[in-house]
Structures are given as C-alpha cells and as structure tokens.
Amino acid sequence: MIKITLPDNSVKEFDKGVTGLEIAEAISSRLAKEVLSISVNGEIRDLTRAIDTDATIKLHLWDDLEGRTTFWHSSAHLMAEAIESSFPGTKFGIGPTVDNGFYYDIDLPEGKVLSDKDLAGIEQKMLELARTKEEITRSEISKADALKLFTDKGDPYKIELITDLQDGTITTYHQGNFTDLCRGPHLPNMGFIKAIKLTSIAGAYWRGNEKNKMLTRVYGITFPKQKLLEEYLVLLEEAKKRDHRKIGKEMELFTFSAAVGLGLPLWLPKGTILREQLEKFLKKVQKKFGYEQVITPHIGDVGLYKTSGHFQKYGKDSFQPIRTPNEGEEYMLKPMNCPHHCEIFKFKPRSYKDLPVRMAEFGTVYRYEQSGELHGLTRVRSFTQDDAHIFCRPDQLKEEFLKVIDIIFIIFKALDFKDYAAQISLRDPNNKEKYIGSDENWEKAENAIIEACAEKGLKTKTELGEAAFYGPKLDFMIKDALGRSWQLGTIQVDYNLPERFGLEYIGADDKRHRPVMIHRAPFGSMERFVAVLIEHTAGKFPLWLTPDQVVILPISEKYNDYAQKVSNQLNISDIRAVIDDRNEKIGRKIRDNEMKHIPYLLIVGEKEFESNSVSVRRQGEGDQGSMSVDAFAEFIGKEVKDQLSEAYN
RNA sequence: GCCAGUGUAGCUCAGGGGUAGAGCGCUUCCUUGGUAAGGAAGAGGUCAUGAGUUCAAUUCUCAUCACCGGCUCCA
C-alpha cells in the first residue's frame with residue numbers, strides 16, 4: 001500500500017501502482033469523468049501512469065491551467081493525426097500549447113498549401129477521431145529506437161529534436177494511427193475533446209530562426225463542451241470590438257494616411273486631447289519626483305549615434321541619414337533621446353551634490369520598423385516616448401530605480417491597470433558579443449535591477465537574452481483585448497553610455513567619477529500606451545482623461561444660445577464640453593451621445609433656461625435630476641480632482 | 001523581411017463576365033420636439049493599382065501595393 005496525500009492534506013491508502021484515474025474514481029465518479037491530468041509530487045503526469053510510491057497529488061480539471069494545458073496538448077496531437085490522414089506525407093515540427101489553445105507547425109508535402117478553407121475539413125476529421133475515443137498510450141523509448149522510428153516515418157524535424165535529447169529521457173505518445181515524440185502528459189483518450197475550432201493559419205520559421213525553412217502553423221482551440229466553445233467565440237467577438245484601431249477611428253482619436261507614410265500616426269483633435277491629458281498627468285507626477293523637462297531636436301549628427309553605438313548596431317535598418325548641402329555632413333532622425341540628454345548633462349561640470357539629475361522629455365523618435373511589424377498604434381515608425389534619463393551616483397542607483405517603479409505604480413493605479421506582468425530582461429550569457437560594455441558593469445546593472453525588484457516585492461519573470469544591447473531592463477507588460485502582450489513601462493540601467501560619452505561628476509574627494517544612467521519611460525510610448533488604454537477601457541476613459549467630458553443637448557434650436565452660454569461657463573472651469581446642436585429630437589441626441597461614451601449629458605430647454613440650470617444624465621445611468629450650472633461645474637471638478645488625487649496618494 | 005487571408009461609398013457590409021447596391025453618416029427641406037433612433041429629397045464609387053484572358057473584366061488569372069492574422073525583429 002502507498003499513501004496518497006490530497007490537496008486538503010487528507011491521506012488515502014491505495015495499492016502500489018494505482019493510477020490518477022483510479023484515485024479520482026475512488027473520490028467520485030463525476031470527478032473521474034472530468035479530471036484531465038495529475039500532479040504527482042509537483043510533476044504533471046498522465047492519469048493512466050502508475051504511482052509506485054507515497055505521493056502528494058493534485059488532480060487537474062478544466063479550471064486548472066495544468067488541466068487545460070494537458071487537454072490542448074492532446075488536441076494538438078489529435079490535429080496532427082487528422083492532418084496526417086488528410087495530407088499524407090506531411091512532416092511535423094512542434095505542437096505546443098499557448099494561452100488560448102495550441103498549434104502545430106507542419107511541413108506539407110511538396111506543392112501543397114493549406115488555406116482557411118481546409119480548416120473545416122480538418123475539424124471534422126478531428127471530431128470523427130475524437131468520437132472513437134482513441135486511447136493515448138505512452139512509451140519510454142531509447143534514443144536509437146526513437147531515431148529509427150522517425151527516420152522510417154520520414155520526419156526530419158523530429159530527428160533534429162531527438163538528436164538534442166538525452167538517451168533515457170525520450171518518450172513517445174501514440175493514438176490511433178499517429179505517434180509523436182512528446183514529453184507529455186496527455187489525456188487518457190481523445191474522447192474528452194468535444195468541441196473544436198481551428199482559428200488560423202500562419203507561417204512560422206522552424207525553431208524560430210529566420211534562416212530556417214518557414215513551416216505552416218495551424219492554431220486551434222478545443223473544449224470539453226460545445227457550450228464553452230460558443231462562449232469563447234462570443235468573447236472573441238467582444239474583444240474585437242475593443243480593438244484600438246476600430247475605436248480609434250470611431251472616436252476620432254487617430255488615423256493613418258498612406259500619403260503621409262506607413263506607420264506614421266496622425267493624431268486627431270480628440271486623440272490629441274487624450275494624449276495631452278496623459279502628458280499633463282505624468283509631468284505633474286514627475287515634478288513631484290524631482291524631474292526637470294528638457295526639449296531637444298528631432299535630428300542629430302550621425303557622429304552622435306556612432307558615439308552611442310546605435311549607428312553601428314541599427315544604422316543599416318534605420319531611416320537613412322539626411323544629407324546637407326555640405327559634402328560629408330549627415331544627420332539622422334533621432335531613434336532615441338539618450339544621446340541628446342547625455343550632451344545636456346555635459347553642458348556644465350557636475351558636482352556629486354547635483355546628482356541625481358533627472359532629465360525628462362516627451363521626445364518623438366523615428367525607427368524604421370519592418371513593414372510586417374507595423375500594427376495600429378502599438379508598433380509605429382514615429383512615436384513619442386515619455387522619456388527621462390536619471391544620471392546618478394552608483395550609491396543612488398537602487399533608490400532611484402525604486403522611485404521609478406513608484407511612478408509606474410502611480411500610473412497603473414490611475415488608469416486601473418491591475419493585470420500586468422513584470423519582466424527582468426538580462427543578457428544572454430552564451431552570446432555576449434551581442435552587447436556592449438564590460439562584464440563587470442553588466443553584472444552591477446543586472447544585480448541592481450534584481451535587488452530593486454526584490455525590495456519592492458515585485459513578482460517578476462526573468463528572460464535571458466532579452467536585454468537591450470547596452471544594458472539590462474525591467475519591463476512592464478500589459479495584454480491587449482486579444483491577449484497579445486505589449487511592453488509599456490520600461491526601466492533600464494546603463495553603465496555604458498556614460499562611459500561612451502565620457503560623462504563625469506566631481507566627487508567629494510575632488511576626483512572625477514562616472515555617473516550611472518537610468519533610462520525610463522513609464523508609459524513606454526504615448527502611442528502604444530493610448531492603444532492599450534483604449535483596449536483596456538473599450539473607449540470609456542475616466543472623466544479626467546476623456547476628450548469630451550460633457551455634451552450639452554438643447555431640446556430645440558431655440559436653446560442653442562443657452563447651450564453655448566453653459567458651454568462657455570464650463571470651459572472657464574476647465575471642463576471640456578461640446579454641444580450637439582443638430583436639428584434632432586432630444587431622444588435621438590441622447591441615444592447618439594450615450595453611444596459615444598461621453599460621461600455627462602446635459603439637457604437644456606425651457607425649464608433650464610429659466611432657472612440657469614442643467615438637467616444631468618450620467619452616461620449609462622440615466623437621468624440624475626437637475627442642478628445649477630455652477631453646482632454642476634463644481635461637482636464635476638471635484639470628481640476629476642478625486643480621481644487624480646486617489647492616484648497620487 | 002517571411003507565410004496565409006482580405007481589398008466595393010466617409011463607416012459597416014451585400015452583390016456579381018454586360019461599367020453597381022443597402023444601412024449608418026453627410027447636404028438641403030419639413031418638423032421645434034423633455035430623457036436611447038421624427039419625415040422627405042439629394043450628393044457621394046476609375047469596385048486598391050497594373051497587366052493578361054475575353055466581343056465585353058469591378059467580377060476570372062497573374063503581379064504590385066495596402067490592410068488583417070501569425071513568424072522574425074523591436075535601441
């Protein structure tokens with residue numbers, strides 16, 4: 001007998017060799033029907049594998065990430081089986097799970113192309129196979145046998161994968177007519193899979209390397225119940241309605257014009273108000289944190305970027321230098337603000353007493369992103385960073401870093417971003433030539449970030465090889481409506497630029513010392529931040545931020561003059577009001593303006609004109625009764641103030 | 001840059017080998033209406049661009065460009 005400890009710490013005895021499925025069966029038959037996989041002493045396994053020793057277990061259902069992952073992983077195998085039967089001779093790459101489903105990278109037989117129209121057929125085939133409840137079996141296999149198996153099958157990608165694996169650790173999974181190299185775990189059988197949607201086809205380089213062959217990637221998602229699939233599809237439709245490109249157009253926030261150029265956003269009047277409010281907000285916060293605003297040109301001498309190292313690294317993939325009438329003179333559109341700020345630091349000798357110097361600029365930069373990368377406002381070729389550079393003494397670094405994290409928290413709080421991920425990006429230790437700067441400086445910088453995050457109790461994940469070429473960074477990532485992750489706030493520690501620019505300060509010892517530099521942008525860029533904000537709020541911005549705070553609706557044209565008077569009065573109190581003076585009935589005006597997400601609708605007619613008042617409607621909440629214009633101005637002013645002071649504190 | 005898909009009015013979309021349609025929006029007129037769509041008339045399109053097939057192409061084929069979904073990249 002062995003002892004099995006359940007998550008509630010209760011202990012049950014079973015025969016040696018008991019399986020997860022049998023344990024579930026012993027608890028309840030319903031559980032046995034729903035359970036998908038099992039963790040045995042922390043390792044996720046198949047339900048059908050025997051447990052031979054005392055163990056702590058957890059059964060995974062659909063509600064667990066682990067359960068879903070098992071489910072989708074098996075679904076990928078099911079899809080591969082269906083594809084192999086429909087397209088014999090297909091070679092298989094990898095078929096992992098993702099946040100919402102799974103994919104499989106395949107190499108179709110010569111001359112075959114998979115298109116959207118083929119997906120329904122594959123779905124049908126998968127359903128047919130699933131209905132036969134094919135059992136999934138696991139085999140441990142020697143490296144030699146694995147190589148032979150996939151050589152016979154003619155799967156060069158699998159052979160490449162096996163070559164990198166260690167003998168004795170290799171397993172395959174088999175169902176129906178399909179065998180795959182796989183670590184597992186998997187469902188007991190394919191009968192669990194009841195609803196299938198293959199979502200898209202894409203190209204993807206083998207092993208993520210641009211130089212390799214491009215395989216066909218088929219994405220899909222599956223569910224244990226048809227109803228769950230239907231709910232998912234509804235959710236997907238809802239998410240598409242939040243797309244910032246769609247809302248940006250509807251709310252007239254920004255646009256693009258082919259005549260101006262690809263990836264060059266044009267901010268419309270309402271979008272400009274939104275952006276200016278964000279800038280105003282951040283400037284105020286930064287002032288409190290001791291920042292000083294500066295302004296620098298949009299171009300700089302090529303030599304500046306040679307000094308910084310950016311030209312060598314990115315020069316050929318950038319907007320190319322601008323020539324002048326003078327032979328040999330070349331300027332570049334600035335791809336970042338740091339070199340300009342370094343020159344401002346050098347403007348005069350700096351004492352240790354002057355540090356830290358915190359230099360902020362809403363600096364517009366130009367980067368020639370590959371055409372396939374452009375995406376709404378999230379990936380553009382001209383964008384404005386809420387940039388700042390902190391020049392500090394080494395002993396001030398951690399404190400300054402912590403303060404930047406505080407600023408980011410203030411912003412996230414003001415805009416109700418709760419669901420973010422913090423990522424520490426370090427150097428790839430196996431590929432050091434990609435980076436500039438000494439090992440010693442890199443280690444110092446990396447440790448500073450790691451320590452600061454630990455001190456803030458920030459939950460982070462660490463990625464090797466994701467650092468900037470001049471230093472490690474801490475990024476804050478937020479997901480858009482469709483679950484794609486975007487980097488917003490970023491903080492980077494840099495020992496390199498101060499060295500390359502020869503930055504110095506005079507220490508208390510009257511000797512020259514080198515400052516450390518922090519690059520930081522809490523929004524990341526105004527463009528990307530607004531994009532993510534739109535998707536986060538679905539266009540219902542908080543009152544303090546929204547372009548139109550109030551719309552005044554005259555009952556008839558007779559009251560347009562009064563509406564104008566109210567509008568003027570509100571504008572004096574810094575309230576952004578517009579008038580809907582169209583020749584329409586009040587019901588129509590209410591409907592149209594409710595749909596525009598304007599927080600307050602003011603209805604004015606005979607009664608209001610007589611009493612110098614307004615009838616107030618809160619968006620989505622209906623009639624709120626009437627009040628005097630002064631009272632309303634005060635009321636709304638207070639709401640704005642409350643929203644902001646909540647964030648500051 | 002690479003793979004697949006899409007491209008018809010300002011927007012959302014229908015149509016289809018014989019040179020175009022709806023709803024919304026826009027303009028004008030009627031109506032001056034009290035809390036989620038009042039009525040009428042009108043303007044607006046080289047059917048993305050270029051080539052090919054055809055008596056005839058917006059429709060079929062190819063190329064290009066743009067957009068969309070991914071991959072790679074992201075200072």
Side-chain angles (χ1 to χ4, degrees), chain A residues 98 103 105 108 113-119 199-219 240 243 245-246 249-250 252 255-256 258 262 305 308-315 317-318 334-339 365 367-376 378-381 383 385 387 436 466-471 473 475 482 484 486-487 490 492 494 497 519 521 524-525 528 553-560 582-595 601-608 615-617 619-620 622-626:
Chain A
V98 290
Y103 66 79
D105 283 349
L108 288 151
V113 176
L114 204 60
S115 88
D116 293 350
K117 295 169 198 83
D118 300 313
L119 294 181
T199 44
S200 70
I201 296 177
Y205 301 106
W206 167 238
R207 299 198 131 180
N209 188 328
E210 213 174 353
K211 295 189 178 73
N212 289 341
K213 181 167 183 185
M214 181 162 270
L215 306 181
T216 303
R217 176 169 296 181
V218 185
Y219 284 91
K240 280 185 189 154
D243 190 312
R245 292 164 296 190
K246 184 175 155 65
K249 197 181 277 178
E250 286 165 0
E252 299 189 2
T255 189
F256 290 90
L262 301 188
Y305 306 104
S308 71
H310 289 99
F311 185 81
Q312 295 84 326
K313 179 84 179 168
Y314 295 104
D317 300 321
S318 300
K334 70 175 168 185
M336 80 288 307
N337 303 299
C338 357
V365 297
R367 297 179 185 176
Y368 192 79
E369 305 289 0
Q370 298 183 63
S371 63
E373 304 311 332
L374 301 174
H375 180 98
T378 49
R379 200 75 188 274
V380 286
R381 285 178 174 165
F383 57 96
Q385 297 178 311
D387 210 356
I436 59 171
E466 291 290 310
F469 78 97
Y470 52 74
K473 55 183 183 169
D475 290 328
L482 289 175
R484 292 173 290 216
W486 294 98
Q487 175 210 311
T490 180
Q492 310 175 3
D494 185 357
L497 277 191
H519 309 247
S525 82
R528 184 176 286 180
L553 314 179
I555 294 280
S556 80
E557 288 172 347
K558 281 191 279 188
Y559 307 103
N560 282 357
R582 290 176 306 161
N583 179 7
E584 293 291 349
K585 288 192 173 167
I586 194 66
R588 178 57 186 272
K589 291 188 189 182
I590 287 169
R591 180 186 152 79
D592 288 351
N593 287 288
E594 283 276 351
M595 303 220 295
L601 281 64
L602 301 183
I603 290 140
V604 296
E606 183 67 28
K607 277 188 295 191
E608 290 76 16
S615 175
V616 181
R617 246 187 101 98
Q619 202 258 337
D623 196 353
Q624 310 283 302
S626 64

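Every chain is numbered from 1 and lettered A, B, ... according to where its sequence line falls, protein lines coming before strand lines. Remember, it's a predicted structure, so these values are computed and weren't measured experimentally.
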For this session: Would you indicate, yes or no, if G1(B) has its OP1 or OP2 atom less than 4.0 angstrom from a side-chain nitrogen or oxygen of S371(A)?
Result: yes
Exercise. Would the number of heavy atoms belonging to other residues, nucleotides or ligands and lying under 6.0 Å from CZ of F469(A) be above 12?
Worked result: yes
Problem set entry | Counterpart base for A41(B), defined by Watson-Crick or G-U wobble contacts under 3.5 Å | U27(B)
Problem set entry | Complementary nucleotide of U64(B), counting Watson-Crick and G-U pairs under 3.5 Å | A48(B)
Exercise. Is it true that R617(A) and E594(A) have a side-chain N and a carboxylate O under 4.0 angstrom from each other?
Worked result: yes
For this session: Check whether the side chain of E373(A) and the base of G70(B) form a donor-acceptor pair under 3.5 Å.
Result: no
Exercise. So which nucleotide does G21(B) pair with, by the Watson-Crick or G-U wobble rule with both distances under 3.5 Å?
Worked result: C13(B)
Problem set entry | Pairing of R381(A) and E369(A) as salt bridge, 4.0 angstrom limit | no
Exercise. Does R367(A) make a cation-pi contact with Y314(A), if we ask for NZ or CZ under 6.0 Å from the ring centre and within 45° of the axis?
Worked result: no
Exercise. Does the ring of Y314(A) meet both stacking tests against the six-membered base ring of A75(B): centre distance under 5.5 Å and plane angle under 30°?
Worked result: yes
Exercise. Has the side chain of N583(A) got a donor or acceptor atom sitting under 3.5 Å from an opposite partner on the base of U31(B)?
Worked result: yes
Exercise. Atom CG of N212(A) and atom P of C2(B): how far apart are they, to the nearest Å?
Worked result: 17 Å
Exercise. P atom, C47(B) versus G21(B): distance in rounded Å?
Worked result: 14 Å
Exercise. With no angle test and no hydrogens, is the base of C74(B) tied to the side chain of R379(A) by a donor-acceptor pair under 3.5 Å?
Worked result: yes
